[in-house]
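The sequence lines fix the lettering, A, B, ..., with proteins before strands; numbering per chain opens at 1.
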Number of protein chains: 2
Amino acid sequence: MTPRSERIPADERREQILAAATTVFGELGYAGATTDRVARAAGISQPYVVRLFGTKEQLFIETLRRTLARLLAAFRAALAEADAGADAGGDGDGEAREARLGEAYLELVEDRGTLLTLLHGFMMGSDPVIGPVARDGFLQVFRMLRDEAGFTPDQIHRFLADGMLINTLLASGVGLAAKRDRDAAELMDCTFGAHVAEVLERASA
Amino acid sequence: MTPRSERIPADERREQILAAATTVFGELGYAGATTDRVARAAGISQPYVVRLFGTKEQLFIETLRRTLARLLAAFRAALAEADAGADAGGDGDGEAREARLGEAYLELVEDRGTLLTLLHGFMMGSDPVIGPVARDGFLQVFRMLRDEAGFTPDQIHRFLADGMLINTLLASGVGLAAKRDRDAAELMDCTFGAHVAEVLERASA
DNA sequence: GATTGAAGTAATCGAATGATTACAACCACG
DNA sequence: CGTGGTTGTAATCATTCGATTACTTCAATC
């Protein structure tokens, strides 16, 4: 159907490359990923990736920025949903928002690439170029939780801490190991409580 | 005084190299680190590193194993202290253990290398060789919290989640940025509450 | 004092990788 | 047509890096 090797406007091609780069950077990290792997994942040649983004570093920065922007957008959409539901159902307070945001996060990190690209960014805090981008993204999330979601400091703390634990469990593969390993399953139980079945199902996909 | 380029037994040299590798792998990640950087950090030549460990991958695995072992040892020491204190003071329950373990963790991750080597290991869950080592280490921590510390599932959940958030805040540099950035400082406040001053002081060193 | 084995390095090799260059194919517009 | 800009690639270059080889130095032991 779709004839491969079609000529595509550069804007669209950039988006394809960024999507592919999210997967590749997520799996291999910034240093471990190669522009050639990204190129092949996007179905084009390696020099073209370099020409469109100038530098591997620049490609990573744009990939990270895009991932952070999608994270924020998903959170804002979840907040809008929660507020719409509150108008109708009358529940009112931050409880619904917290639940919706949590669900939105779980949906996002179903994509291993998204999850891991964010984490790799956060781990490069000492890089003079990438570090500030990652920090800024983290702080944007914080401000959104504080100003738009109206979370209390304790809510913010718990939300972020749970998110980071989810990240680590999924990234390290403990989530997948829970199928075979009793202790891993119990650990997932501690973390996710009643939601564990849902999480495990998502993590498998 | 200490004449550089002394001949040293291999066992001792291995330990020196592992200590240096913890710093280098932590800062640059597995893929980003080079055997040459490790060698120079340990004050020896690059081929010798390769000869003592066979492979960069093997070096990383041993570095990760050592870091995980030190983490567990520090936790066990903290538990012993807490129990000794409980015998004397009569406080009794898990409260003291939780506090001691938290303190032990903060002391450990003062060393950026330790912190980041662990994180890099956890993020390589999909690597067929390194992934299992990292997962096994994580599960060892879980079992220790459950069986030796006697934590409830909820205590385990909170302890691990807080640990992962601390990791991320320190790795991304938000902790350091708190000196200049108002929002970063507020975020650190949400996370650490009363302990924030202590953490910031440690993070600077 | 010759020998043996351990500690350690200089030199170098082959593969991988980011980047550059030069060129090809295609489309729109005059 | 033809010409100029856009999309894209093949070939290749310089560097880096993990690993290997061959060598040196030193201490102990017989």
Heavy atoms from other residues, nucleotides or ligands near CZ of B:Arg146 exceed 12 (cutoff 6.0 Å) = yes
Atom CG of B:Asp36 and atom P of C:dT9: how far apart are they, to the nearest Å?
-> 12 Å
Taking the six-membered ring for Trp and the single ring otherwise, decide whether the centroids of A:Phe142 and A:Phe159 are under 6.0 Å apart.
-> no
In whole angstrom, give the distance that lies between atom CZ of A:Arg7 and atom C1' of C:dA28.
-> 11 Å
OP1 or OP2 of C:dA19 less than 4.0 angstrom from a side-chain nitrogen or oxygen of A:Thr55, does that happen here?
-> yes
Among B:Leu64, B:Leu116, B:Thr67, B:Leu59, which residue meets the side-chain contact (heavy atoms from CB on, under 4.5 Å) test with B:Phe25?
-> B:Leu59
What is the distance, rounded to the nearest whole Å, between atom CG of B:Asp11 and atom P of C:dA6?
-> 12 Å
Given atom CZ of B:Arg40 and atom C1' of D:dG18, what is their separation to the nearest angstrom?
-> 14 Å
Nearest to the side chain of B:Thr34 - D:dC17, C:dG8, D:dT7?
-> D:dC17
Closest listed nucleotide, where the reference is the side chain of B:Thr35 and the choices are C:dT9, C:dA7, D:dG18 = D:dG18
Please give, in whole Å, the distance from D:dT7 P to A:Glu12 CD?
-> 11 Å
Of A:Arg51 and A:Ala31, whose closest DNA chain C nucleotide lies nearer the 5' terminus?
-> A:Ala31
Rounded to the nearest angstrom, tell me the gap between atom CD in B:Gln46 and atom P in D:dT20.
-> 11 Å
Atom pair distance, as rounded to whole Å: OH in B:Tyr48 and P in D:dT24 | 18 Å
Taking atom types as modelled, find out whether A:Arg13 and A:Gln16 have a side-chain donor-acceptor pair closer than 3.5 angstrom.
-> yes
Between CZ of B:Arg14 and P of C:dA7 the distance, given in whole Å, is 11 Å
